[in-house]
Protein chains: 2
Amino acid sequence: MPRPKSFDEAQVLEGAVALFRERGFEGTSMPDLTRKLGICRQSLYNTFGDKKGLYLKALENYGNKEAQSKLALLQGPGSPLENLRTLIRGFASYATTCPAEGCLTVTALVNSREDADALAAVSQHVQSLENGIECALTRAKKQGQINAHTDAASLARYITTSLYGIGLLVRLPDSSARIAATVSHLMESLQRIEIQPAA
Amino acid sequence: MPRPKSFDEAQVLEGAVALFRERGFEGTSMPDLTRKLGICRQSLYNTFGDKKGLYLKALENYGNKEAQSKLALLQGPGSPLENLRTLIRGFASYATTCPAEGCLTVTALVNSREDADALAAVSQHVQSLENGIECALTRAKKQGQINAHTDAASLARYITTSLYGIGLLVRLPDSSARIAATVSHLMESLQRIEIQPAA
DNA sequence: GCCGTTAAAGAATGATCGTTCTATATTGAT
DNA sequence: ATCAATATAGAACGATCATTCTTTAACGGC
């Protein structure tokens with residue numbers, strides 16, 4: 001039987017994600033990849049087809065990981081509303097602590113105008129976040145935690161848009177006040193629909 | 001005296017903006033530019049130095065134009081609050097009608113991680129929009145049109161972030177519902193601080 | 001030990017990139 | 001008419017790109 005692969009595919013994908021995050025698709029060259037990943041050209045081509053194949057795999061890998069962790073947080077123990085608040089806070093603190101690298105989904109969205117595959121992957125990622133938020137809001141509604149008239153879908157769309165606004169503007173050098181203000185107003189939006197338990 | 005330039009620099013910049021919007025900085029080649037702009041290589045180099053110089057000029061041109069039209073709208077006749085509403089609606093309708101090309105500021109922001117000059121231009125553009133919104137809110141406050149306790153700076157930061165969230169997510173193929181929801185909630189935020197005139 | 005598969009290293013391909021150089025033509029003021 | 005500066009056209013540069021090919025070595029089941 002064949003000689004076993006001497007590299008871990010998942011580990012290679014992680015390295016590729018890191019590079020694509022730093023420099024984007026066009027800004028990352030195959031020599032860059034082989035150098036960083038410690039793998040020779042041919043192995044890359046044998047495993048992923050070509051550069052775009054590797055990129056799509058990396059995108060998928062990143063998106064799934066991010067989506068999973070966020071959905072897990074939203075569906076975790078604790079009240080759905082509080083989980084949503086934690087998600088929003090986490091988004092902001094993550095955004096402010098490591099402004100150097102940006103969200104790969106944002107980068108890919110901007111640079112995939114002519115790449116239907118990449119755009120589809122990004123779209124799915126955004127949708128899954130939005131759906132997760134909507135589900136959390138619906139659960140909160142069923143539990144009587146928020147106003148019964150709340151349009152969960154509409155609110156989820158709005159929160160998603162604002163979160164991605166943060167994910168975009170975090171790339172500016174002076175974004176911390178802007179991010180804090182956005183989080184604060186998002187929190188206010190949630191508080192306004194919350195049904196305060198009788199104290 | 002020298003032979004006069006046979007091309008209009010402003011017109012060339014407009015064409016460059018269009019190309020950079022479509023394909024980004026790295027995706028636009030010098031042959032692309034000369035073809036589209038109807039100008040020979042050498043003239044480009046003589047006028048703008050190099051490709052990056054042309055890019056920065058185009059970025060500046062685009063940003064100034066956008067900022068001017070938006071600030072003019074905000075400072076125009078009519079109540080500041082209504083002007084702000086018009087701005088937000090215009091942002092959304094513009095976003096939904098021509099989803100093919102995206103905001104150049106968004107593209108440049110994502111792709112300028114290693115380009116301090118471009119980043120500075122983008123930052124200034126975002127700041128000017130944010131400042132314009134803050135000024136409009138402050139004027140609305142002085143005119144007694146909105147709640148006196150409103151934190152104009154914070155609200156302006158939040159609106160700016162959400163607007164750029166729209167400018168980013170408009171690149172997704174199915175973004176119209178998301179944009180509509182975001183606009184709707186932004187409007188709600190404004191209505192909540194508005195002091196209703198006695199009917 | 002053999003064989004099929006893979007890894008590794010490096011050369012080579014063809015294309016495209018940004019930029020520069022050369023040569024020639026065109027214009028406007030003097 | 002002359003001159004300075006620009007326009008245009010095209011060749012050429014060196015660099016880099018993604019990809020393929022070639023060769024040699026390493027491994028595992030038979």
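Since this is a predicted model, take the numbers as computed values, not measurements.
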I want to check one thing: is the phosphate of dT6(D), taken as OP1 and OP2, less than 4.0 Å away from some side-chain N or O of S43(B)?
no
What's touching nucleotides 11-16 of chain D from the protein side, N or O pairs under 3.5 Å?
none

When we call it a touch if two heavy atoms are under 4.0 Å apart, what does T34(B) touch: a base, just sugar-phosphate, or nothing?
nothing
Evaluate the criterion side chain to side chain contact (heavy atoms under 4.5 Å, CB included) for residue pair V12(A) and L33(A); output intermediate values, then yes/no.
CA-CA 9 Å; V12(A) 165; L33(A) 287 163; over 6 Å; no
Expressed as a whole number of angstroms, how long is the span from D50(A):CG to dC17(D):P?
17 Å
Mind calculating the distance between CG (L37(B)) and C1' (dA7(D)) to the nearest angstrom?
16 Å
Under 3.5 Å donor-acceptor pairs involving side-chain atoms of residues 120-134 of chain B, not counting sequence neighbours:
unit_1  : atom_1 : unit_2  : atom_2 : d
H125(B) : ND1    : T105(B) : OG1    : 2.6
Q127(B) : NE2    : D174(A) : OD2    : 2.6
S128(B) : OG     : H125(B) : O      : 3.2
E130(B) : OE2    : R178(A) : NH1    : 2.8
N131(B) : ND2    : Q127(B) : O      : 3.4

Measuring from the side chain of M30(A) (C-beta onward, heavy atoms only), which nucleotide among dT20(C), dT19(D), dC17(C) has the closest atom?
dT19(D)
K51(A), nearest nucleotide to its side chain (from dT8(D), dG18(C), dA18(D)):
dA18(D)
Can you measure D8(B) atom CG to dA7(D) atom P for me and round it to whole angstrom units?
13 Å
In whole angstroms, how far is the P atom of dC17(C) from the CD atom of E26(A)?
11 Å
Please pick, from dT19(D), dC21(C), dG18(C), the nucleotide with the shortest atom-to-atom distance to any side-chain atom of Y45(B).
dG18(C)
In whole angstroms, the gap separating P of dT19(D) from CG of N46(A) amounts to 13 Å
Does the Lys NZ or Arg CZ of K57(A) fall within the cation-pi geometry relative to Y62(A) - under 6.0 Å from the ring centre and within 45° of the axis?
no
Tell me the interatomic distance from E9(A), atom CD, to dA7(C), atom C1', rounded to whole angstroms.
15 Å
Let me test you: for the helix from dG1(C)-dC30(D) to dT30(C)-dA1(D), what is the angle between the axes at its two ends (five pairs each), rounded to 10 degrees?
0°
Enter the distance from S184(B):OG to R157(A):CZ here, rounded to the nearest 0.5 Å.
11.0 Å
Listing, residues 143-156 of chain B side-chain donor-acceptor contacts under 3.5 Å, not counting sequence neighbours, or none:
unit_1  : atom_1 : unit_2  : atom_2 : d
Q145(B) : NE2    : S79(B)  : OG     : 2.9
N147(B) : OD1    : H149(B) : N      : 2.8
N147(B) : OD1    : H149(B) : ND1    : 2.8
T150(B) : OG1    : N147(B) : O      : 2.8
D151(B) : OD1    : A153(B) : N      : 3.3
D151(B) : OD1    : S154(B) : N      : 3.1

Taking only residues two or more places apart in sequence or in another chain, which ones pass side-chain hydrogen bond (donor to acceptor under 3.5 Å, both in side chains) with T138(A)?
none
Could you tell me whether the side chains of S162(B) and S162(A) share a donor-acceptor contact shorter than 3.5 Å?
yes
Between P on dT6(D) and CG on L44(B), what's the gap in Å once rounded to a whole number?
15 Å
Side chain S112(B), main chain D115(B), donor-acceptor under 3.5 Å
no
Y55(A) OH to dA18(D) P, straight-line distance once rounded to whole Å:
14 Å
Scan residues 65-82 of chain A for pairs that pass salt bridge (Lys or Arg N to Asp or Glu O under 4.0 Å), counting only residues two or more places apart or in two chains.
E14(A)-K65(A), E66(A)-K70(A), E82(A)-R85(A), E82(A)-R89(A)
Q42(A) or T28(A), whichever maps to the more 5' nucleotide of DNA chain D
T28(A)
